[in-house]
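Report on one structure; see the data block that follows.
Note that these values count all heavy atoms, side chains included, but never hydrogens, waters or copies made by symmetry. Residue numbering restarts at 1 for every chain, and letters A, B, ... go by the order of the sequence lines.
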Amino acid sequence: MKKFRVYVTYKPSVFDPQGDTITDAAKDLGYQSIQAIHVGKFFDIEVDDSKGTAAQTVEELAEKLLVNFNLEVYRYEQLGGD
Amino acid sequence: MKKFRVYVTYKPSVFDPQGDTITDAAKDLGYQSIQAIHVGKFFDIEVDDSKGTAAQTVEELAEKLLVNFNLEVYRYEQLGGD
Amino acid sequence: MRVAIIVFPGSNCDSDLHYVLENLCHVSAKYVPSTATNLDGFDAVLLPGGFSYGDYLRCGAIAALTPIMGAVRQFADSGKPVIGICNGFQILTEAHLLPGVLKKNDNLKFICRPVALQVENNGTPFTTKYVKDEKIHLPIAHSDGNFYADPATVDELEQNHQIVFRYVDQNPNGSVNNIAGICNRRGNVVGMMPHPERASEKIVGNNEGFKVFQSLLSLKH
Amino acid sequence: MIDQEMTPQEIKDQKPYLEWGLTEKEYDYICDHLIHRLPNYTETGLFAVMWSEHCSYKKSKPLLKLFPNKNERVLQGPGEGAGIVDIGDDQAVVFKAESHNHPSAVEPYEGAATGVGGILRDIFSMGARPIALLDSLHFGEINNAHTRYLINEVVAGIGGYGNCMGIPTVAGETTFDECYEGNPLVNAMSVGLMNKKDIQKGRASGEGNLIMYVGAKTGRDGIHGATFASTDFDSEHETQRSAVQVGDPFMEKLLMEACLELIQKHADWLVGIQDMGAAGLVSSSCEMASKANSGVKMNLDLVPQRESGMSAYEIMLSESQERMLLCVKKGNQADVRQLFEKYNLDVVVIGEVTSDHQYVLTHHDQIVTDIPVSSLTDDVLQEKCPERQPERLTHLKENSLPKIDDPAQTLIDLLQQPTIASKKVLTQTYDSQVRASTVAGPNATNDAGIIRVRGTQKGLAMTTDGNGRFGYLNPRIGGQIAVLEAAANVIAKGAQPLAITDCLNFGDPNDPEVYWELHQSIAGMAELCRELNTPVISGNVSLYNENNGQAIYPTPMVGMVGLISNVDHTVSSHITQDENLVYVVGQ
Ligand SMILES: Nc1ncnc2c1ncn2[C@@H]1O[C@H](COP(=O)(O)OP(=O)(O)O)[C@@H](O)[C@H]1O
């Protein structure tokens, strides 16, 4: 079994109102030192690797399902595993 | 300026319909080797650190705004900065 | 005319479309589950609104990968009419049958209210009964209706008259160039965020959407 | 949470049941008169939850008897998932309201969302398709950041669940008053439409028939949620809470379609069906057995579980959402399994109906419960609650009409009150038009929502109304006014009032003043219901609405449905033209 984490973020060119809203909320709370907040999501994926193709599976899954390339980019890394 | 990343995930005991549905979808796509997918979010936060309290600000912000302790837990780390 | 209404797990406007077609248009409408793999014998395909797969990943993303979408692609390639409404539009973009993507509304909330639209292209199979530039009102009900595509794609859409409906007076969700509905290059695949099936009878307050279905009915076979 | 279960003797000595809401007197009564031995850990837990006010209505039941609940149209009164009223043409309307006040105070999004999920299951478990949702929300004053957070999350939760299910939210009310700060009232109502022939009941009868579990897996969500809702709500409980219930509207949509397909197309396979709501598996299974006067035996190892190592106690008390319990005719289990599997839902036989009136559970090959069904449902010790008129009412001035010097300014001040101002920012986040049958939705010009009944000329008008301030000033008249206001709203839409449902939101009933308020309010509501021939066909009681010892105003919420014979003839409530004439009718 291997564990991967896929990080998905908006492309820098795409406006993300969520990050801005949270930044504003932080300032409203009095945290003036906060300059910017950006939001992303990640997927922790546990994959059986008995065929040795786990990383490839994760990539395929990311590209077919987890990421919309109109908006988003992704990056992944392997976490600890056995 | 310092940069932090706050990772927020569901507590393990909390039902995560989103993760379950995505896991099922991956299996339906033919990726039988996928055992589980969990979804999390992260916040990249840029903080002015001229007072040296950036890490504390991030913690406070996480606890007040970014994390719902009924359901979620968080962890944070410092990313590169200047 | 035989119309297919695709039912994805979580679709919830399927029965509204069925009602409009069978009871108001008097044509045969059949529910086709997303597990089916062919659309033989149908003259038009409708992808309804709703929350397919709970909208749990991105709206329409999981539905776009269901078996039926292969058949929808073939059907569209053969030039026959396909329309996706609301979640159906999201599914068509996720399946790359239409360009772009529907982002979260810029106020980050679900919005249910009537909006003013202009019919920009009355040449699609779903808009021939409208006059070009006609101003109509239709309800919207979505949290992800904010159309986005990169600037080059948007230019192309504009140049090829692929904008079918545009918000006028006020843009409810932040969509680029006030886009409310688009079609593919060939014009036979249409996606729109507003709900014409909820505005097809006076009794529910508005029938300005009924022409979408009347346009489809007037097609020759 | 529970690694080592206490022995029956340890339970007797250490009295953990007190913390679960069972009194010493009740415990002794159970030992001496009902089971004639000491209950084990699991059994004690089952008693605690089934004997809680939330499940047993032991305190409110004597008062609820004051309500009329029958007339020529009522097909099903209180006692099932929801009440049913005949509307002619072999059709019936089904409705009920439910409170989710305490869960929403703790976790407003999920609390409100799962409240909607629960009320929808009550409707479709009767065999009806839900056609509308309504809500009644009462918050603290809006000038407080935590209140604003609660409002945003509660409203998002209601919309999040209802929108995804494809059920329009067509009416409701939202008020703000200091007394609800920290203890918001979140009441949801649903209305369903059905063919009379499809009426289902929650019963498990016929020896050898099978108990089937369908829907989401069981987790440790909301353990003791039912007793939690029944004890005073203070900040201490907030940290004790084990796991919040999380709603999955997508699963519920599948569950609804599957259950309706089963009921409408294969009723002959089915004996009974019931939602697993408060106190989950225990309350649904023992109520189904009790109503059919039968016994039931279940093997808990067969219950689909989301977490490992759950104890029998946890499995039985879990309040995981989106689950239903079916009683299926022996021989049809494979058919039922196939139907639910088509919708990708878990479906398993977990037990069967027996004839010995016992409630028997096995877990890990051991019998963990063996008690009479009736001891959980029917033998609950009734309590006589003392009551007393509150001090404040004895000193109330007869005529306390405010003096108005500048009517124009007063009007402007009134219009600025959040309770009176437009609720558009909230109601626009609800899908009010899905199902394409909404004739009147949430809109300042609509006193009630209207859904047309496709295929007929008919329409159904519906509203929720409650006003804690009236209840505070005079609970009896407050109760009358709640019914009257609902009726006026429905009538203003051209509808004949049919019947009501209610949520009785009150403070701690052990306080004699609160109990008096409850009694008076119910009496007032009952009087008006008799007057208007609108029986109470379903409802819900939410007590212990207090925050740090201070009770909320007595806030009975009335949900009313009226029948419009020709929906083309409804009128709007606003003035449509210059020079329209304004009349005042009545006194
Ligand atoms: N929480 C709510 N959910 C749904 N509809 C609501 C809610 N609050 C108010 N409404 C609707 O908004 C409209 C205006 O409500 P309100 O301002 O309370 O007016 P009224 O005093 O006439 O009932 C009504 O149609 C009502 O049904």
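- The NZ atom of A:Lys11 sits 8.5 Å away from the CG atom of A:Asn68 when rounded to the nearest 0.5 Å.
- Contacts of A:Val58 with chain B are absent, with no heavy-atom separation under 4.5 Å from either backbone or side chain.
- Judged purely by atom type and a 3.5 angstrom limit, B:Lys64 has no side-chain atom pairing as donor or acceptor with the backbone of B:Glu59.
- For residues 27-40 of chain A, heavy-atom neighbours of chain B at less than 4.5 Å comprise A:Leu29, A:Tyr31, A:Ser33, A:Ile34, A:Gln35, A:Ala36, A:Ile37, A:His38, A:Val39, A:Gly40, sorted by residue number.
- Neither the backbone nor the side chain of B:Thr23 comes within contact range of chain A, judged by heavy atoms closer than 4.5 Å.
- With contacts defined as side-chain heavy-atom distances shorter than 4.5 Å, the pair B:Phe4/B:Asp44 does not qualify.
- For B:Asp24, there are no salt bridge (charged side-chain N to carboxylate O under 4.0 Å, His left out) partners two or more places apart in sequence or in a different chain.
- Rounding to the nearest 0.5 Å places CG of B:Asp16 at 6.0 Å from CG of B:Asp20.
- For the residue pair B:Thr53 and B:Asp49, the shortest heavy atom distance occurs at N-OD1, 3.1 Å.
- Only the side chain of A:Leu65 comes within contact range of chain B, judged by heavy atoms closer than 4.5 Å.
- Checked against the 6.0 Å centroid criterion, the rings of B:Phe42 and A:Tyr7 qualify as a close aromatic pair.
- Looking at A:Thr9, only its side chain comes within 4.5 Å of chain B, counting heavy atoms on both sides.
- The shortest heavy-atom contact between A:Tyr74 and A:Ala62 is CE1-CB, 3.6 Å.
- When each of B:Lys41, B:Glu46, B:Lys51, B:Arg5 is scored by its heavy-atom pairs under 4.5 Å with chain A, the top score falls to B:Glu46.
- B:Val6 does not touch chain A: none of its heavy atoms, backbone or side chain, sits under 4.5 Å away.
- A:Tyr10 and A:Gln18 share no side-chain donor-acceptor pair at under 3.5 Å.
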